[in-house]
A.B. asks: 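Okay, handing you the structure first.
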Protein chains: 2
Amino acid sequence: MYQRKIPIDYDCGLSVAMEVVGSKWKFCILDEISKGIKRPKDLVNAINGITKRVLQKQLRELELHGLLEKTIYTEIPLRVEYNLTVSGKSLLPLVSAIDQWGMGFSSRLKTILETEATMNYL
Amino acid sequence: MYQRKIPIDYDCGLSVAMEVVGSKWKFCILDEISKGIKRPKDLVNAINGITKRVLQKQLRELELHGLLEKTIYTEIPLRVEYNLTVSGKSLLPLVSAIDQWGMGFSSRLKTILETEATMNYL
DNA sequence: ATGGATGGTGATAAAATTATCACTAAGTGA
DNA sequence: TCACTTAGTGATAATTTTATCACCATCCAT
C-alpha cells in the first residue's frame with residue numbers, strides 16, 4: 001500500500017465506498033468469494049487476468065478494510081480461506097447490481113468505443 | 001485521455017461498469033447532476049476538491065461513454081449544461097445505493113484506518 | 001535432498017489517473 | 001481597449017494503482 005496524500009472525505013458516502021471498493025479487481029474478488037471461491041489459488045484461476053501478487057495485495061486491503069476475514073487451516077497442503085465479513089456481505093447486493101448494469105451496458109459501450117476509435121475522438 | 005493497454009473484458013459486467021464509472025469523481029458528478037446542478041461552473045463549486053480541468057475531463061468522458069449529453073445555450077454569458085441520458089439515469093439507483101452504503105461504512109472505515117495507522121499496518 | 005503444492009513478500013517498472021498551471025475563445029459592457 | 005464571465009484545451013507533473021519478477025517459508029512425498 002502507499003501513503004495517501006489526498007485524504008478521504010468521510011462525509012461523502014461515495015468517497016468512502018470508492019476508497020474501499022473502487023479498484024479494478026475488488027468487486028470481482030468479492031463476487032467470486034460470494035460464489036464460494038475462497039482460496040487464493042482458486043481465485044487466481046477464477047479471475048481472468050489477475051496475477052497472484054496483485055490478488056494478494058487486494059485480499060490484504062479488503063481484509064484490512066474489514067470486508068474479508070482470513071482463516072488459516074493447518075492442513076496439508078496449507079489451506080487459507082478468505083470469507084466475507086458482515087460488512088462484506090452487505091456489499092453483495094451492490095456488487096450484483098453493478099454487475100448487472102455493466103452487462104446491460106456492455107454492448108453499447110463496445111459500440112461507442114469502437115466508433116470513437118475509428119473517429120479519433122480519444 | 002490515454003491509450004488503454006489492457007483491454008476491457010466486455011463479458012464481465014463489473015469490468016464494464018468500472019470502465020465507465022470507476023473513478024474518483026464520476027459518481028459524484030452524476031449525483032450532483034441528478035440533483036439539478038448541470039453547469040460546469042456550478043459543479044466545480046458543488047463538488048468538494050475537484051478542479052475545473054479535472055471536471056472538464058470527467059464530463060467529456062461521461063459524455064463519450066453515453067451517460068451525459070451536452071447542451072450549449074447561446075446565451076450571454078455562455079451557458080452549457082450536461083444532462084443525464086437514459087443510460088445515465090439508469091445508473092442513479094446504483095449511485096444512491098453506493099452512497100448510502102458508504103455513509104453507513106464511513107465511521108467504521110475511519111476507525112479502522114486510524115487504528116491501523118498507529119499500528120503501522122500499512 | 002529434492003521437488004511440488006500452497007501462501008506469501010520485496011523491489012521495481014509500467015500504466016493509469018488526477019492535479020496544476022498557463023493559456024485560448026466568445027461575448028458583453030464599462 | 002480592457003476587464004469580466006463562462007467554457008474549454010495543452011502540456012506536464014504528481015499521485016495512485018497494477019503488473020512483473022524473483023524470491024522465501026512450510027509441509028510433505030518421492
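Proteins get letters first, then strands, A, B, ... in listed order; numbering begins at 1 in each.
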A.B. asks: For residues 65-87 of chain A, pull every pair meeting salt bridge (charged side-chain N to carboxylate O under 4.0 Å, His left out), keeping only residues two or more places apart or in separate chains.
C.D. replies: Glu75(A)-Arg79(A), Arg79(A)-Glu81(A)
A.B. asks: Table please: side-chain donor-acceptor pairs of residues 39-50 of chain A below 3.5 Å, with sequence neighbours left out.
C.D. replies:
residue, atom, partner, partner atom, Å
Arg39(A), NH2, Leu78(A), O, 3.2
Asn45(A), ND2, Lys41(A), O, 3.3

A.B. asks: Phe27(B) CZ to dT18(C) P: how many Å, rounded?
C.D. replies: 12 Å
A.B. asks: For nucleotides 18-30 of chain D, give me one character per nucleotide, 5' to 3': B if any protein heavy atom sits under 4.0 Å from the base, S if the only such contacts are to the sugar-phosphate, - if neither.
C.D. replies: SBBB-----SS--
A.B. asks: Under the rule for side chain to side chain contact (heavy atoms under 4.5 Å, CB included), what residues qualify as partners of Thr111(A), not counting sequence neighbours?
C.D. replies: Thr115(A)
A.B. asks: Restricting to side chain to side chain donor-acceptor pair (under 3.5 Å), what partner residues turn up for Ser90(B), sequence neighbours left out?
C.D. replies: Trp101(A)
A.B. asks: May I have the distance from Glu61(B) (atom CD) to dT9(D) (atom P), rounded to whole angstrom?
C.D. replies: 12 Å
A.B. asks: Mind calculating the distance between CG (Leu43(A)) and C1' (dG8(C)) to the nearest angstrom?
C.D. replies: 15 Å
A.B. asks: NA contact type, Lys26(B), heavy-atom cut-off 4.0 Å: base, sugar-phosphate, or nothing?
C.D. replies: nothing
A.B. asks: How many whole angstroms separate atom CD1 of Ile47(B) from atom P of dT18(C)?
C.D. replies: 13 Å
A.B. asks: Quick check: is Ile72(B) connected to Tyr82(B) through a chain of hydrophobic side chains (ILVMFWY, heavy atoms under 4.5 Å apart)?
C.D. replies: yes
A.B. asks: Kindly state each residue pair satisfying side-chain hydrogen bond (donor to acceptor under 3.5 Å, both in side chains) with at least one member in residues 91-100 of chain A, sequence neighbours excluded.
C.D. replies: none
A.B. asks: Which atom pairs, one a donor and one an acceptor, fall under 3.5 Å between side chains of residues 103-110 of chain B and the rest of the protein, sequence neighbours left out?
C.D. replies:
residue, atom, partner, partner atom, Å
Ser106(B), OG, Tyr10(A), O, 2.7

A.B. asks: Hey, does Ile98(A) have a side-chain heavy atom less than 4.5 Å from the side chain of Ile98(B)?
C.D. replies: yes
A.B. asks: Take atom CD of Glu63(A) and atom P of dG7(C), then tell me their distance rounded to the nearest Å.
C.D. replies: 14 Å
A.B. asks: Return the residues of residues 28-38 of chain B meeting this criterion: a heavy atom under 4.0 Å from some atom of DNA chain C. Order them by number, or give none.
C.D. replies: none
A.B. asks: Among dG8(D), dT6(C), dG8(C), which nucleotide has an atom closest to any side-chain atom of Lys41(A)?
C.D. replies: dT6(C)
A.B. asks: According to side chain to side chain contact (heavy atoms under 4.5 Å, CB included), who are the partners of Thr71(A), at least two apart in sequence or on a separate chain?
C.D. replies: Tyr73(A), Asn83(A)
A.B. asks: Check the phosphate of dA7(D) against Arg79(B), side-chain N and O only, distance under 4.0 Å to OP1 or OP2. Yes or no?
C.D. replies: no
A.B. asks: Grab the CD-C1' distance between Glu81(B) and dA7(D) for me, whole Å please.
C.D. replies: 13 Å
A.B. asks: Output the rounded distance in Å from CZ (Arg39(B)) to P (dT5(D)).
C.D. replies: 13 Å
A.B. asks: Taking atom C1' of dA16(C) as reference, at what distance in whole Å does atom CE of Met18(B) sit?
C.D. replies: 15 Å
A.B. asks: May I ask you to say what Tyr82(A) touches in the nucleic acid, namely base, sugar-phosphate or nothing, with a heavy-atom cut-off under 4.0 Å?
C.D. replies: sugar-phosphate
